[in-house]
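Order of the sequence lines fixes the chain letters, A, B, ..., with proteins taken first and strands second; residue numbering starts at 1 for each chain. Treat the numbers as computed from the prediction; the structure is a model and nothing was measured.
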Protein chains: 2
Amino acid sequence: MISDVARAATTSDVFNAIAEPQRRQMLVLLRAGEWPVTELAQELGMAQPRASKHLRVLREVGLVRDRKAGKQRLYGLDARGLRPVHEWTGGFERFWAESFDRLDAYVHDLKQQRQED
Amino acid sequence: MISDVARAATTSDVFNAIAEPQRRQMLVLLRAGEWPVTELAQELGMAQPRASKHLRVLREVGLVRDRKAGKQRLYGLDARGLRPVHEWTGGFERFWAESFDRLDAYVHDLKQQRQED
DNA sequence: AAATCATATTCCTATATCGGAATACGTCAA
DNA sequence: TTGACGTATTCCGATATAGGAATATGATTT
């Protein structure tokens, strides 16, 4: 009996995929073009199996595509999946400008509060 | 001896904080203004402790601020932390337009390849 | 102080992940 | 076929979470 409780969504969505710093680095490198696993690994200073695992996650969420190229396997970027993330955060754009004022007010209130304690 | 290996970064950064769907929903609700925990929980159909835990994560990464309001504690949005995410994904903007073409070509190649197998 | 309402925390369990090491798999060349 | 090279997978171990339930903490009112 496999309980479905505990950890809801997993690495199978883009938000989770890019939550890992090293995977983000990989995506950045891939903007320059296609890379074989080994070179990516070397560039990022990680062992090859580790690179392969991260690439697998990226592939599973569709951020990366691979194709055979002789002995090698070249990984390439498919950035379309990042668009929803960009748009989601974009929905907060007007707030992070606002936040400054609001925050100032907030901090001000806090100080008042402290003095009153 | 606490090994530092295993899971690199944790919930202590924004990317991870927003990797959780429910936390994203919270942030969206918070755009409408400040909310007490209980109402947020109810709106999202989750128990109060759960909401508190998620809010704690959001607070720790700075996406949310709270202030006392009588018996209640009102949570408010501080969207500034989302800006880096927006900008990071924005760095791929020109690629997700491109991707269509590149992908078409890719898929085309794939078909060729399959036929040759 | 006691009761009450609002929120945070703790304890426990199930699972998800990351990393390393070893190894399996695939492909090309001799 | 056998090497050799490039890449993926499997098998650990350690840790990070998420959720639930129960409980502790805070603040307000009577």
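D:dT17 atom P lies 12 Å from atom CZ of B:Arg56, rounded to whole Å. For A:Leu44 and C:dC18, the CG to P distance is 15 Å, given to the nearest whole Å. As a whole-Å value, the separation of A:Leu74 CG from D:dG6 P is 13 Å.
Listed by first and then second residue, the salt bridge (charged side-chain N to carboxylate O under 4.0 Å, His left out) pairs involving residues 42-58 of chain A are A:Arg56-A:Glu60 (not counting sequence neighbours).
Side-chain nitrogen and oxygen atoms of B:His54 include none within less than 4.0 Å of the OP1 or OP2 phosphate oxygen of D:dT17. The phosphate of C:dA8 has OP1 or OP2 within less than 4.0 Å of a side-chain N or O from B:Tyr75.
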Distances under 3.5 Å between protein N/O atoms and the N/O atoms of nucleotides 25-30 of chain C, please, pair by pair.
| residue | atom | partner | partner atom | Å |
| --- | --- | --- | --- | --- |
| C:dT27 | OP1 | A:Lys68 | NZ | 3.3 |

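Applying the ring pair (Phe, Tyr, Trp, His ring centres under 6.0 Å) test to A:Phe92 and every residue at least two apart in sequence or in another chain returns A:Trp88.
When distances run from any side-chain atom of B:Arg23 to the nucleotides C:dA8, C:dC18, D:dA18, the shortest one goes to D:dA18. The side chain of B:Val37 has C:dA8 as its nearest neighbour among C:dA8, C:dG19, D:dG19. Ranking C:dG20, D:dA8, D:dG20 by closeness to the A:Lys53 side chain, first place goes to C:dG20. Relative to the side chain of A:Gln72, the nucleotides C:dT9, D:dA8, D:dG6 differ in distance, and D:dG6 lies closest.
One N or O donor and one acceptor, one from the side chain of B:Gln48 and one from the base of C:dA8, sit under 3.5 Å apart.
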